[in-house]
Amino acid sequence: MTLYFLTPILRIVVPIVTSILLVVGLNGCATLEERRRVSLAQDIDTCASFGAAYGSPDYTGCMLTQQQRRDAQGVEALERARLATRSTRRCRT
């Protein structure tokens, strides 16, 4: 059985898939400082979209809320990883 009919499709699909995988893979290489800057920029944009003026009590409260939200997400991710590790250990024994 020959697969000659797939060749034109593969010539288009393979480079696209390779590019996507490369972008996704390199995205994980961001330094901690770069991720902090992105997070700060996102928080600033969020608070600005709520109408909080820079330096106002509302802005400060919004930024604190955003940081607490981000911290809670980190704790949840660590807890999920801990539970996954724990359940994996139980399955082995």
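Just so it is clear, the values below take in all heavy atoms, side chains as well, and ignore hydrogens, waters and symmetry mates.
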Among side-chain atoms of Gln73 and Arg70, is any donor-acceptor pair under 3.5 angstrom? no

Once you round to the nearest 0.5 Å, how far does CD of Gln66 lie from CG of Asp45? 10.5 Å

Which residues satisfy the salt bridge (Lys or Arg N to Asp or Glu O under 4.0 Å) test with Glu79, sequence neighbours excluded? Arg82

Are Leu32 and Leu40 grouped together when hydrophobic residues (ILVMFWY) are joined by side-chain heavy atoms under 4.5 angstrom apart? no

State the CD-CZ distance between Glu33 and Arg35, to the nearest 0.5 angstrom. 11.0 Å

Going from CD1 on Ile44 to CE on Met63, what distance comes out if it is rounded to the nearest 0.5 angstrom? 5.0 Å

Heavy-atom nearest pair, Ala53 first then Tyr59, reads O-CB, 3.0 Å

